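Let me begin by presenting the structure, written as structure tokens, before commenting on it.
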Amino acid sequence: MGQVGIVLISHSVKIAEGTKELVQQVMKDVTVEVAGGTDEGEIGTSIDKILNAITKANKDDGVLLLYDIGSAKMNAEMAVEMTEVDDVELIEAPLVEGAYVAAVESGMGKEKHEIIEAVTQSFSKERD
Amino acid sequence: MGQVGIVLISHSVKIAEGTKELVQQVMKDVTVEVAGGTDEGEIGTSIDKILNAITKANKDDGVLLLYDIGSAKMNAEMAVEMTEVDDVELIEAPLVEGAYVAAVESGMGKEKHEIIEAVTQSFSKERD
Amino acid sequence: MKLQLNDIRNWLELSNQLMQENRSYLIELDQAIGDSDHGINMARGFQEVITKTQDQNYQSPSDLLKDVAMTLMSKVGGAAGPLYGTAFLKLSMAWKDKNEIQVNDIKEGLQAGLDGIKQRGKATTGEKTMIDVWDPVVQLFKDDENVAPSTIEETAKRAMNDTKELKATKGRASYFKEKSIGHIDPGSASSYYIFSALATSIKGA
Amino acid sequence: MKLQLNDIRNWLELSNQLMQENRSYLIELDQAIGDSDHGINMARGFQEVITKTQDQNYQSPSDLLKDVAMTLMSKVGGAAGPLYGTAFLKLSMAWKDKNEIQVNDIKEGLQAGLDGIKQRGKATTGEKTMIDVWDPVVQLFKDDENVAPSTIEETAKRAMNDTKELKATKGRASYFKEKSIGHIDPGSASSYYIFSALATSIKGA
Ligand SMILES: Nc1ncnc2c1ncn2[C@@H]1O[C@H](COP(=O)(O)OP(=O)(O)O)[C@@H](O)[C@H]1O
Ligand SMILES: Nc1ncnc2c1ncn2[C@@H]1O[C@H](COP(=O)(O)OP(=O)(O)O)[C@@H](O)[C@H]1O
Ligand SMILES: [Mg+2]
Ligand SMILES: [Mg+2]
Ligand SMILES: [Mg+2]
Ligand SMILES: [Mg+2]
């Protein structure tokens, strides 16, 4: 169960960790790794942290990356190109809310493309 | 500058605090208050924390509430009905990403309805 | 039959007892389709209700229930907090200035509570929430104000069990979509305990 | 004119000097329309470039620049990290297996760097980013490969100043919309320093 790994990329260590806690409360067995803040733990993103998180999140059924604002995306894309893990993909969705949906889907044993579809769908419609 | 106060309601203390740090780095003078976690600091929301944050965020030009998932919204709505601060409104937007836009707008001295419009607009269109 | 202040206190105490006894069971239910905290939330919330109200003097059931509502709101946390808080607040408002609660008042009070939950949760019947227990219980009183306590208990219990077959479309369980089917809704279970306690205190009144 | 390994080292050292000297100024620029870290990012990143490369033996400018790219990517942080990282990586690739960099190589290398930035940032000219400095400099080499170093410096400087009038539509500054007008883009300023340093090292080559 929950073989698609999830990486949370945030400018903030706290946002990444808090989001992990939030989703792990519901989905204990899903692999969720964090890449929050710069190497120094300050506000920003770190390609090395992202690459490490991808490696750790890889359980052979693919890895999904969620990111917060701005440059997090560029670093995430960079990491996708550089990592040796294949089958890594970015999801375009709000970090916290998207991670929640992704984790539930992964926990239900869904495949990567199904998870992407479910997450993307959740945020194309109005939030209720 | 930045008289519309912002309240960040999250199930997680860390998400709320991290988001505050993220936006305050850019907008130092905007009032941003957090209501993260339960009274015990666990995952959940607390109406008392929300009510306190609204009171502290009120600088007489209105207060905007952003929330993360599920029941946070119910508690936020409850708080809007119960608070003595008038001119409090919920924004329907992703917490982290929405807070960033809201803070920049508030920092530019925009009025509450303008901020709501800007935030809402940012998330009706695709993220690039 | 009429309920007085001490019957309402009795209702609350029995409810609290059931929440404490079934804490683990509610956690288990919420683990399957939620975040595993419903038992913690309800046990904490009702314990606080008793602690807060037991040594207070109240003028009427309505006064007591207002404190109950505020306590549930701020102490339960999660979705159940604002939902039960709203329900008890509506009950308190429906029974305002009444010292003796007649069967007709129960009917109207529970109807107001149900409406409050629906409004707060933006939900309706069949979405696999506590509404699916409140709704048939209210219907029971509408059909026959003098319904037997045992029937209230049985109806609530059956309604709780029936949530098993439903697909959740509100609350955290809705994220599980089809996979939410086959599990009892935690909030429906806690609502069953509340109505079971109510039935017992009606019987004793 | 041709650039050899030590001229490239010279370019990097001059760039680093300018980043250190203008650290506060870059912070100030980023404070107005960003998150105040561009000076910190660039000063840290280029310092690391020097630390990392100074005692290493490289076969060619391309080898050196590959390390520069990786260091900038991982040490600059923020948007400028992947952007400058990509630019220097493209430069390294364009100059692969060349020990002497001719004017034509400079032109092609900078063009590749510019294309890399545009691709990485999904941005184009006129969006108030570093592209607005890279673009006219590349154009200069295209118009006349043997452009005078002073002209490179002047063009980059003018281009940097011209970003003042632009409205940002990419990066953090874009959140400020109209209010981004009237401020020099921080990344354009750091790009100006890089080209200014390049001009100096071309002159000395
Ligand atoms: N929108 C809603 N409308 C009505 N009832 C709801 C709604 N959302 C959740 N519930 C009820 O609340 C229960 C969950 O309560 P709880 O576990 O305390 O909250 P949370 O899901 O925030 O952890 C559900 O089992 C359901 O009965
Ligand atoms: N999408 C983009 N395309 C090209 N350049 C960009 C883009 N986004 C930002 N920039 C450049 O990066 C600079 C900001 O760098 P920096 O402050 O280090 O990053 P951050 O904005 O993440 O804090 C901007 O001034 C701009 O020149
Ligand atoms: Mg729960
Ligand atoms: Mg909960
Ligand atoms: Mg910056
Ligand atoms: Mg930054």
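By convention in this document, chain letters (A, B, ...) are assigned in the order of the sequence lines, proteins followed by strands, and residues within each chain are numbered from 1. What you see is a predicted model, and the numbers here were worked out from it, not measured in a lab.
With a 6.0 Å radius and a threshold of 12 heavy atoms from other residues, nucleotides or ligands, C/N104 has its CG atom above the threshold. Surrounding CD of A/E117 are at most 12 heavy atoms belonging to other residues, nucleotides or ligands under 6.0 Å away. Heavy-atom contacts from other residues, nucleotides or ligands closer than 6.0 Å to CD of C/Q59 number 12 or fewer. Within 6.0 Å of CD in A/E40 there are more than 12 heavy atoms belonging to other residues, nucleotides or ligands. Within a 6.0 Å sphere centred on NZ of C/K66, other residues, nucleotides and ligands contribute 12 heavy atoms or fewer.
What you find for C/F176 and A/M108 is that their closest heavy atoms are O-SD, 3.6 Å. Of all the heavy atoms in C/K177 and A/A118, the pair that sits closest is NZ-CB, 3.9 Å. In terms of heavy atoms, C/R172 sits closest to A/Y100 at NH1-OH, 2.7 Å. Across A/V104 and C/Y175, no two heavy atoms sit closer than the pair CG1-O, 3.6 Å.
Using a cut-off of 4.0 Å between Lys/Arg side-chain N and Asp/Glu carboxylate O, C/K179 and A/E105 are scored as not salt-bridged.
A/K28 contributes atom NZ, which lies 5.0 Å from atom CD of C/Q31 (distance to the nearest 0.5 angstrom).
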